[in-house]
Amino acid sequence: DGELCLSRSLVNSSDKIIRKAGSSIFQRSVEGWKINSSLVLEIRKNILRFLDAERDVSVVKSSFKPGDVIHYVLDRRRTLNISQDLHSLLPEVSPMKNRRFKTCAVVGNSGILLDSECGKEIDSHDFVIRCNLAPVVEFAADVGTKSDFITMNPSVVQRAFGGFRNESDREKFVHRLSMLNDSVLWIPAFMVKGGEKHVEWVNALILKNKLKVRTAYPSLRLIHAVRGYWLTNKVPIKRPSTGLLMYTLATRFCDEIHLYGFWPFPKDLNGKAVKYHYYDDLKYRYFSNASPHRMPLEFKTLNVLHNRGALKLTTGKCV
Ligand code: CTP
């Protein structure tokens, strides 16, 4: 009935299989890859049954007023106040309203990008989505620099900008955001308690420095809807990773989606070590059950979709 049917055996197979370098279940070949436009349309239609990315990509100003209290999406017992600053940064209308692109890149943060020379190819796409304010300038040859849409988990403030303890951390952050011009900065502020201070500081810096960046804060239903879609397709993901969320949203706007920097494994197919992130020393955490994400399972799923022409997954060099 047109449902996206992922191979059950692939999805159910143990994540352990994937840890073995040299595993042959990956079809790495990008040569000869062809888009399957009818499958792309079918996936878009099916995802639309669960969410409409145009709407769910961000709440809008009229959804709240300052002082409103909302429950965190993944921690319903805890609440958050919609501050004056946050309210003033909510978009009037969806930043993705009526935006359509022929080709899009979704750039994950795996170290597989190092030495890939994919920068030019990534930048040649009509719309480039990146995750967690990953740095680009120093890695331009491998990752490119174009960023039309970039995500920022609140934890990034601590991880990459010293928790804004010093003036120099704040300056570095403001500089990074000013490079984005009027791109979309997507901040999942309503997921779990813990990052509210960071989100407030970020909002205050954006307002104080009159940054042009277009802030977006995902709707309260987005994550459940994305999970619902993948669950219905037999991909049991507890909490979708940012990269999978971005692919799912992009199906609404993009006719051809190219993924780079997705490789949640510590070794490449030749057994060579791969950094978890291309730009820092964060370690792999995703093989324990304690981790919120199931990136290896997500990867397997994306690989199935690559083989069927629904998306193009590049894990090697761009030539
Ligand atoms: N990714 C990957 N392989 C890696 C690292 C990242 O496939 N070795 C992909 C994942 O889809 C991930 C995205 O790139 O979501 C962005 O990476 P990161 O910033 O680490 O993602 P988050 O999902 O936001 O991770 P966390 O929740 O730990 O902050």
Side-chain angles (χ1 to χ4, degrees), residues 15 18-19 21 26 28 73-75 104-116 118 122 128-136 139 142-144 147 149-161 176 185-192 194-195 198-199 218 222-223 226-227 230 235 237-251 257-269 272-306 311-316:
D15 288 352
I18 241 156
R19 268 187 272 172
F26 301 128
R28 273 194 309 168
V73 172
L74 299 172
D75 190 358
C104 297
V106 179
V107 188
N109 285 333
S110 164
I112 201 79
L113 279 166
L114 294 169
D115 292 327
S116 67
C118 285
I122 291 174
V128 178
I129 301 175
R130 297 183 193 268
C131 303
N132 282 319
L133 276 190
V136 288
F139 304 96
D142 293 328
V143 310
S147 310
F149 187 113
I150 192 157
T151 75
M152 196 203 99
N153 288 347
S155 57
V156 165
V157 171
Q158 195 63 44
R159 269 192 207 157
F161 297 94
R176 180 75 185 87
L185 175 68
W186 188 83
I187 310 177
F190 314 133
M191 295 299 159
V192 283
H198 294 142
V199 174
L222 176 72
I223 199 137
V226 170
R227 236 177 110 222
W230 290 105
V235 186
I237 291 159
K238 255 197 297 184
R239 189 156 143 201
S241 74
T242 304
L244 188 74
L245 277 171
M246 290 303 117
Y247 163 71
T248 314
L249 292 177
T251 59
I257 301 176
H258 295 241
L259 305 185
Y260 304 85
F262 284 68
W263 186 264
F265 311 110
K267 286 186 176 159
D268 68 13
L269 291 179
K272 203 172 139 233
V274 177
K275 289 180 71 186
Y276 179 66
H277 279 161
Y278 69 81
Y279 53 87
D280 66 20
D281 290 323
L282 206 68
K283 299 288 173 234
Y284 285 84
R285 304 172 287 152
Y286 296 109
F287 297 124
S288 93
N289 282 335
S291 131
H293 301 308
R294 298 194 65 193
M295 287 190 197
L297 170 65
E298 293 183 2
F299 181 88
K300 277 191 281 188
T301 307
L302 295 171
N303 192 58
V304 171
L305 292 170
H306 166 92
L311 57 84
K312 184 172 173 190
L313 184 57
T314 296
T315 56

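Start at 1 and go down the list; that is how both ligands and their atoms are numbered.
Rounding to the nearest 0.5 angstrom, the gap separating the OG atom in Ser241 from the CG atom in Leu297 is 10.5 Å. Between the CG atom of Asn132 and the OG1 atom of Thr242 there is a distance of 5.0 Å, given to the nearest 0.5 Å.
Atoms of ligand 1 found under 4.0 Å from any heavy atom of Met295, numbered from 1 in the order shown, are 1 (N), 10 (C), 12 (C), 15 (O), 23 (O). Short contacts between ligand 1 and Gly261, defined as distances under 4.0 Å to a heavy atom of the residue, involve ligand atoms 1 (N), 2 (C), 7 (O).
Only side-chain heavy atoms of Asn153 come within less than 4.0 Å of ligand 1; its backbone N, CA, C and O stay farther off. Contact annotation: for Arg159 versus ligand 1, heavy atoms closer than 4.0 Å belong to the side chain alone. In Thr242, the parts holding a heavy atom less than 4.0 Å from any atom of ligand 1 are both the side chain and the backbone. The proximity of Cys131 to ligand 1, defined as any non-hydrogen pair under 4.0 Å, is limited to the side chain.
Between Tyr279 and ligand 1, not a single N/O pair is under 3.5 Å apart. Considering both main-chain and side-chain atoms, His277 comes within under 3.5 Å of ligand 1 through a nitrogen or oxygen pair. Ligand 1 has no N or O atom lying under 3.5 Å from any N or O atom of Ser155, backbone or side chain. Not one N or O of Phe262 is nearer than 3.5 Å to an N or O of ligand 1, by distance alone. The shortest N or O to N or O distance between Glu298 and ligand 1 is not under 3.5 Å. Considering backbone and side-chain atoms together, Trp263 places an N or O closer than 3.5 Å to an N or O of ligand 1.
Between Tyr279 and Phe139, the distance separating the two ring centers is not shorter than 6.0 angstrom. Centroid-to-centroid, the aromatic rings of Phe299 and Phe265 come within less than 6.0 Å.
In terms of heavy-atom proximity, Asn153 sits nearest to Pro188 at OD1-CG, 3.5 Å.
Using cut-offs of 30° and 60° on the angle between ring planes, the pair Tyr276 and Tyr284 is perpendicular.
Taking Cys131 as the reference, nothing meets the disulfide bond (SG atoms under 2.5 Å apart) condition, with sequence neighbours excluded. By the salt bridge (charged side-chain N to carboxylate O under 4.0 Å, His left out) test, Lys312 is found to be paired with no residue, residues two or more places apart in sequence or in another chain being considered.
Of the candidates Leu259, Asn109, Thr315, the one placing a heavy atom closest to atom 17 (O) of ligand 1 is Asn109.
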